Amino acid sequence: MKFRKISHLKGELRIPGDKSISHRGVMLGSIAKGTTRISNFLQGVDCLSTISCFSRMGIEIENSGDEVLVHGNGLRGLKKPFPDNILDCGNSGTTTRLICGILAAQDFDVILTGDASIQKRPMKRIIDPLTAMGADISSVKGNGCSPLAITGSQLHGIHYTSPVASAQVKSSILLAGLYADGETSVTEPYLSRNHTELMLESFGAQIKTGGTTASVQPAKELYAQDIRVPGDISSAAFFLAAGLLAPNSEVLIKNVGINPTRDGILKVFRDMGGDITFVDTCEGSGEPSADILVRSSSLHGTVIEGAIIPTLIDELPVIAAAACFAEGTTVIRDAAELKVKESNRIEVMVRNLTAMGADVEETEDGMIIRGGKPLHGAVIDSRLDHRIAMTFAIAGSMADGETEILGAECVNISYPGFYEDLARLAR
Ligand code: S3P
């Protein structure tokens with residue numbers, strides 16, 4: 001895909017459903033009793049991987065495009081995949097880590113696998129706590145990564161203090177806790193996204209939260225729900241950035257999830273001088289959403305660190321790109337987790353922004369961006385990381401000359417139709 005500088009961005013946009021909530025809807029729907037109806041389900045490749053894994057375990061799932069019906073079989077109703085016991089999670093870290101919590105407690109064994117990227121991502125962070133619960137789970141190659149061999153076992157409740165603020169780790173343990181013989185709790189250094197806790201509660205699990213701790217009681221059954229998935233703020237992020245950066249722009253982004261554990265990008269962009277307003281807000285199943293109006297703004301640098309990091313972790317690439325167009329210096333720290341995403345997002349961002357002429361420095365746990373230097377087009381290797389491809393589609397739309405993105409089709413992981421939406425709004 002090739003991009004040139006746009007003159008402005010105008011119009012209305014409804015971005016696709018939230019990836020995290022879509023995954024969880026299929027997972028909880030599969031182990032609940034009754035039919036869970038999920039509307040505005042994200043038809044991204046990652047969420048289709050979750051559907052495929054549960055279909056292979058005997059769950060009937062009807063996917064009509066916008067709506068997904070999950071005919072759950074109850075907490076103990078999953079079946080060993082047949083004819084082989086291999087479940088393919090594709091590129092999806094959320095599928096891999098969350099499903100482990102469920103599979104650890106079944107009465108069958110499976111091998112979990114995935115693509116080249118997933119086979120490099122750290123899984124010890126879930127292997128260790130699940131093993132402490134009595135799970136039989138190991139890395140087949142002994143390198144702490146997928147493929148993982150899991151044999152279901154009787155699990156015990158634990159109180160786990162996680163070294164990382166990770167919703168995938170927290171959720172994996174809480175899901176395993178549904179099957180344990182006592183209370184399970186997770187404490188994290190900072191609060192990560194809480195979609196699992198909210199959804200577990202609505203499905204009837206006994207869950208308590210306070211500060212950075214969530215605890216769950218063993219469950220007898222969960223019960224099917226209707227879920228309306230709000231638009232994904234991580235996908236809206238690209239249009240928030242584009243609307244702020246392109247001159248004379250005004251974009252209305254409809255129905256965006258604004259859960260406070262996900263809204264760090266709004267705080268940071270506002271703090272940088274961004275003109276972002278809520279036009280309308282609503283709430284369903286504890287997940288708030290808003291129509292967000294964004295207008296061109298002159299941005300200035302900021303410091304992004306500490307507790308806000310987990311609330312914008314997936315948005316840091318596009319925030320870093322936006323910071324190149326801001327006056328002054330932006331510092332991102334406490335974000336070492338970026339190194340273990342779909343690519344090493346610190347290294348890939350610094351390399352690609354530098355290729356476009358930005359003044360950006362890699363640090364141990366983030367980057368330092370000295371803004372205000374004009375960017376020029378370059379050839380960008382996305383490393384097949386969806387958020388990198390979309391970030392540079394935006395950067396390329398603001399830069400002089402032509403930007404070419406290699407591996408651009410990877411946006412289908414989280415935002416099918418992204419390039420079409422950008423082309424429709426851009427002038
Ligand atoms: C996710 C949690 C985050 C995030 C990922 C989705 C989730 O990962 O980066 O895109 O749905 O729980 P970590 O748990 O590794 O921080």
Side-chain angles (χ1 to χ4, degrees), residues 14-75 77-78 87 89-99 101-102 167-168 171-172 174-175 178 193-205 207 219 221-236 254-259 261-262 282-290 314 412-417:
R14 185 170 280 275
I15 47 155
D18 187 274
K19 181 155 79 71
S20 294
I21 299 175
S22 296
H23 279 300
R24 286 157 172 80
V26 171
M27 292 187 185
L28 293 195
S30 295
I31 57 170
K33 267 203 149 152
T35 298
T36 287
R37 182 184 300 269
I38 312 173
S39 53
N40 200 35
F41 180 84
L42 173 64
Q43 298 289 334
V45 175
D46 266 12
C47 297
L48 299 180
S49 291
T50 294
I51 289 191
S52 136
C53 287
F54 283 91
S55 302
R56 293 219 50 231
M57 291 189 284
I59 305 299
E60 193 194 331
I61 302 176
E62 296 174 71
N63 183 358
S64 66
D66 189 52
E67 189 172 79
V68 169
L69 296 180
V70 183
H71 301 287
N73 253 348
L75 203 58
L78 297 178
L87 294 177
C89 301
N91 189 248
S92 176
T94 309
T95 311
T96 307
R97 296 200 177 105
L98 269 61
I99 211 172
I102 296 174
Q168 294 179 357
S171 302
S172 185
L174 292 176
L175 291 171
L178 295 172
R193 63 192 68 192
N194 64 356
H195 306 301
T196 302
E197 296 91 303
L198 292 173
M199 204 182 282
L200 274 173
E201 172 148 49
S202 74
F203 274 73
I207 179 131
E221 279 299 354
L222 301 180
Y223 298 96
Q225 297 296 313
D226 280 355
I227 301 168
R228 250 215 85 72
V229 182
D232 197 328
I233 193 167
S234 301
S235 299
K254 308 218 31 162
N255 181 37
V256 182
I258 51 162
N259 177 318
T261 62
R262 295 284 301 281
C282 77
E283 175 146 349
S285 321
E287 292 286 357
S289 59
D314 292 340
N412 288 331
I413 290 289
S414 64
Y415 195 159

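Here the structure is a predicted model, which is why all the values come from computation and not from measurement.
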Item checked: I59 vs H71 side-chain heavy atoms within contact, under 4.5 Å -> no
Notebook entry, point to check: Going by atom types alone, do S20 and R193 pair a side-chain donor with an acceptor below 3.5 Å?
Noted result: yes
Check: Rounded to the nearest 0.5 Å, what separation is found between the CG atom of L78 and the SG atom of C53?
Finding: 11.0 Å
Next item on the list: Could you verify whether a donor N or O on one side chain and an acceptor N or O on the other, from S202 and Q225, lie under 3.5 Å apart?
Entry: no
Next item on the list: Assess the side chains of S49 and S92: does a donor N or O sit below 3.5 Å from an acceptor N or O?
Entry: no
Next item on the list: Using a 4.5 Å cut-off on heavy atoms from C-beta on, say whether the side chain of I38 contacts that of E67.
Entry: no
Notebook entry, point to check: Can you check whether I51 reaches V68 side chain to side chain, under 4.5 Å on heavy atoms?
Noted result: yes
Note to self: Check whether S22 reaches the backbone of L42 with its side chain - one donor and one acceptor, N or O, closer than 3.5 Å.
What the structure shows: yes
Check: Does a side-chain heavy-atom distance below 4.5 Å link I227 with S39?
Finding: no
Next item on the list: Please examine the side chains of E287 and I258, heavy atoms only from C-beta on, and report whether any two atoms are closer than 4.5 Å.
Entry: no
Check: Is a side-chain N or O of D232 found less than 3.5 angstrom from the main chain of P16, in a donor-acceptor match?
Finding: no
Next item on the list: Rounded to the nearest 0.5 Å, what's the gap from CG on N40 to CZ on R228? Could you check?
Entry: 5.5 Å
Note to self: Show me the pairs that pass salt bridge (charged side-chain N to carboxylate O under 4.0 Å, His left out) and involve residues 15-29, at least two apart or across chains.
What the structure shows: D18-R262, K19-D46
Margin query: How about CD on E221, more than 12 heavy atoms from neighbouring residues, nucleotides or ligands closer than 6.0 Å, or not?
Written below: yes
Margin query: Please check this pair: side chain of S172 against backbone of Q168, looking for a donor-acceptor N/O pair closer than 3.5 Å.
Written below: no
Checklist line | Within-4.5 Å side-chain heavy-atom neighbours: N73 and S30 | finding: no
Checklist line | Reported NE2-to-CZ distance for the pair H23 and F54, which is rounded to 0.5 angstrom | finding: 11.0 Å
Next item on the list: Measure the spacing between OG of S289 and CD1 of I233 and express it to the nearest 0.5 Å.
Entry: 11.0 Å
Checklist line | Criterion side-chain hydrogen bond (donor to acceptor under 3.5 Å, both in side chains) on N63 and Q43, from CA distance to verdict | finding: CA-CA 9 Å; N63 183 358; Q43 298 289 334; 2.8 Å; yes
Next item on the list: Drop me the distance from I102's CD1 to L175's CG, to the nearest 0.5 angstrom.
Entry: 5.0 Å
Checklist line | Short side-chain to backbone donor-acceptor contact, T261 and N194, under 3.5 Å | finding: yes
Margin query: For the CD1 atom of I99 and the SG atom of C89, what is their distance to the nearest 0.5 Å?
Written below: 5.5 Å
